[in-house]
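For reference, the structure is listed below as structure tokens.
Quick caveat: nothing in here was measured; it's all calculated off a predicted structure. Sequence lines set the chain letters: A, B, ... in the order given, protein chains first and strands last, and positions in each chain run from 1.
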Protein chains: 2
Amino acid sequence: MSTSDKAPYHHGDLRRSLLDAASGILHRDGIGAVSLREVARAAGVSHNAPYRHFPSRDALLAGVAAEGFGRLRARLAAAGDDLAAMGEAYLAFAVAERPCFLLMFGSSLCKADFPDLASAALEALRALDRVASGRAASGGDACESRTIGPATLRAWAIVHGFAHLVADGQLSLEAASRALAADGTAP
Amino acid sequence: MSTSDKAPYHHGDLRRSLLDAASGILHRDGIGAVSLREVARAAGVSHNAPYRHFPSRDALLAGVAAEGFGRLRARLAAAGDDLAAMGEAYLAFAVAERPCFLLMFGSSLCKADFPDLASAALEALRALDRVASGRAASGGDACESRTIGPATLRAWAIVHGFAHLVADGQLSLEAASRALAADGTAP
DNA sequence: AGCAGAAGTTGGCAGTGTCAACATCCGACA
DNA sequence: TGTCGGATGTTGACACTGCCAACTTCTGCT
């Protein structure tokens with residue numbers, strides 16, 4: 001409606017608009033407020049248009065979550081090869097994008113149902129893995145979760161635990177950040 | 001309908017029945033299936049009866065979650081004063097009561113809205129705190145989360161992180177358990 | 001030029017949470 | 001003992017949701 005003044009053929013790029021609208025509502029009003037119809041309304045289309053791009057509400061949410069993992073990955077990558085910095089970045093993401101973080105790691109979406117989501121998640125964690133298992137140095141018996149090393153697992157659990165506690169409001173970012181730094185992601 | 005054959009006055013003890021029914025549905029079909037109407041149906045009352053005992057669906061879920069924290073507390077207490085055992089117990093709870101665990105630590109319930117829930121949660125963690133901060137031995141500058149010590153925070157974050165990863169199906173219980181033991185809840 | 005199919009719309013159904021008004025039954029008080 | 005207040009449970013309704021089916025409109029390709 002801004003780039004073109006002629007109301008393009010159909011819409012131009014719904015799907016993108018839907019993802020953006022959903023993301024906006026998610027951050028503004030929480031996951032409970034993200035209904036297919038509300039999203040459609042926000043995108044200016046009829047209540048059934050989303051079904052041409054997403055087979056279900058959960059599929060839309062999975063799309064939003066997958067993009068969230070993309071942003072998380074970017075943040076982790078920006079932290080370079082410093083494990084501690086990555087932990088900070090993880091935490092910062094959980095705070096800055098709390099609703100999305102909760103969506104990404106919440107139970108509402110079964111990752112098995114959405115391969116794209118699962119791979120986006122794995123992709124994000126791989127950054128963490130690269131650094132953490134490089135740091136491990138010692139032996140390398142691949143843990144049974146074959147794509148992620150044991151050192152990563154430990155680092156991930158700590159950071160993820162703090163992130164959840166912060167996201168749940170049970171802990172302040174400062175306290176978590178301090179505890180994280182003191183803990184020894186760098187033992 | 002079993003203890004009395006006469007269909008008692010009103011119901012006897014709805015609220016208890018509602019909590020049980022909700023808990024049953026939660027564990028059987030997941031949180032999405034726990035609707036006020038379904039719970040009422042399972043308890044054999046009309047769709048509006050629950051409102052005499054819970055002001056909203058979330059309040060019912062908060063009640064279920066609070067009882068979950070009670071059971072978690074019992075498990076932690078049963079682990080005695082052994083921090084490692086408590087970690088195992090925490091993990092075991094997350095697996096055995098996965099749906100309830102996800103409800104308890106999920107984002108759907110805002111603890112600020114349900115004081116009973118919040119206090120039940122705190123009560124459960126206090127057991128962890130007692131042992132962990134006893135273990136800390138060193139200085140004791142109370143962390144800003146004044147009811148929980150910093151040593152607890154760290155232990156909690158690790159255990160909680162693993163529990164979430166397991167509950168999300170991203171990690172097997174065995175792997176988490178192994179990593180947890182190796183990690184050093186006993187540094 | 002015209003057509004197959006993608007993209008979007010209208011209408012409808014079953015299910016939900018919540019509110020309001022009504023019925024029933026217990027316990028307390030006269 | 002009889003009656004009445006309030007707690008408990010019921011019926012009915014409303015707005016909202018996800019999803020399905022049938023219909024229209026537009027597009028890119030032959």
Side-chain angles (χ1 to χ4, degrees), chain A residues 1 3-22 24-26 28-65 103 106-110 113-114, chain B residues 1 3-22 24-26 28-65 103 106-110 113-114:
Chain A
M1 52 177 84
T3 59
S4 134
D5 59 343
K6 218 187 170 334
Y9 359 81
H10 276 147
H11 179 106
D13 193 358
L14 238 179
R15 185 179 172 95
R16 187 67 281 167
S17 298
L18 291 172
L19 286 170
D20 290 343
I25 296 172
L26 174 65
R28 191 161 351 95
D29 304 315
I31 193 174
V34 183
S35 80
L36 231 24
R37 288 167 113 106
E38 187 63 33
V39 170
R41 229 168 275 139
V45 293
S46 79
H47 71 265
N48 255 344
Y51 281 97
R52 296 294 148 190
H53 299 271
F54 300 95
S56 70
R57 171 182 187 260
D58 279 356
L60 207 202
L61 290 179
V64 172
L103 171 66
S107 59
S108 45
L109 257 35
C110 175
D113 295 344
F114 304 100
Chain B
M1 52 179 83
T3 60
S4 136
D5 58 343
K6 221 186 165 336
Y9 4 78
H10 275 145
H11 178 107
D13 191 359
L14 238 178
R15 188 181 169 91
R16 189 67 288 189
S17 297
L18 291 172
L19 286 170
D20 289 344
I25 296 172
L26 173 66
R28 191 161 351 98
D29 304 315
I31 193 173
V34 182
S35 79
L36 229 26
R37 291 169 112 106
E38 187 63 33
V39 170
R41 229 167 274 140
V45 294
S46 79
H47 72 266
N48 253 345
Y51 280 96
R52 296 298 147 190
H53 299 271
F54 301 95
S56 71
R57 172 182 186 259
D58 280 356
L60 208 201
L61 291 179
V64 172
L103 170 67
S107 59
S108 44
L109 258 36
C110 174
D113 295 344
F114 304 100

Value in whole Å for how far the P atom of D/dG18 lies from CD1 of A/Ile31: 12 Å

A/Asp13 CG - C/dG8 P separation (whole Å): 9 Å

Distance (rounded to the nearest 0.5 Å) between B/Asp20 CG and B/Ile25 CD1: 11.0 Å

Stepwise side-chain contact (heavy atoms from CB on, under 4.5 Å) check, B/Leu36 with B/Tyr51: CA-CA 9 Å; B/Leu36 229 26; B/Tyr51 280 96; 3.5 Å; yes

Write down the protein N/O and nucleotide N/O pairs, taken from nucleotides 16-20 of chain C, whose separation is under 3.5 Å; answer none if there are no such pairs.
| from | atom 1 | to | atom 2 | distance (Å) |
| --- | --- | --- | --- | --- |
| C/dT16 | OP1 | B/Ser35 | OG | 3.2 |
| C/dT16 | OP2 | B/Arg41 | NH2 | 3.0 |
| C/dG17 | OP1 | B/Leu36 | N | 2.9 |
| C/dG17 | OP1 | B/Arg57 | NE | 3.4 |
| C/dG17 | OP2 | B/Leu36 | N | 3.1 |
| C/dG17 | OP2 | B/Arg37 | N | 3.3 |
| C/dG17 | N7 | B/Arg37 | NH1 | 2.5 |
| C/dG17 | O6 | B/Arg37 | NH1 | 3.0 |
| C/dT18 | OP2 | B/Tyr51 | OH | 2.9 |
| C/dT18 | OP2 | B/Arg57 | N | 2.9 |
| C/dT18 | O5' | B/Tyr51 | OH | 3.1 |
| C/dT18 | O4 | B/Arg37 | NH1 | 3.1 |
| C/dC19 | N4 | B/Asn48 | OD1 | 3.1 |
| C/dC19 | N4 | B/Asn48 | ND2 | 2.1 |
| C/dA20 | N6 | B/Asn48 | ND2 | 3.0 |

Side chain to side chain contact (heavy atoms under 4.5 Å, CB included), paired with A/Val64, selected from A/Val34, A/Ile31, A/Leu26: A/Leu26

Side-chain heavy-atom pair A/Leu14, A/His53 within 4.5 angstrom cut-off: yes

side-chain contact (heavy atoms from CB on, under 4.5 Å) evaluation trace for A/Ser108 with A/Leu61: CA-CA 9 Å; A/Ser108 45; A/Leu61 290 179; 5.7 Å; no

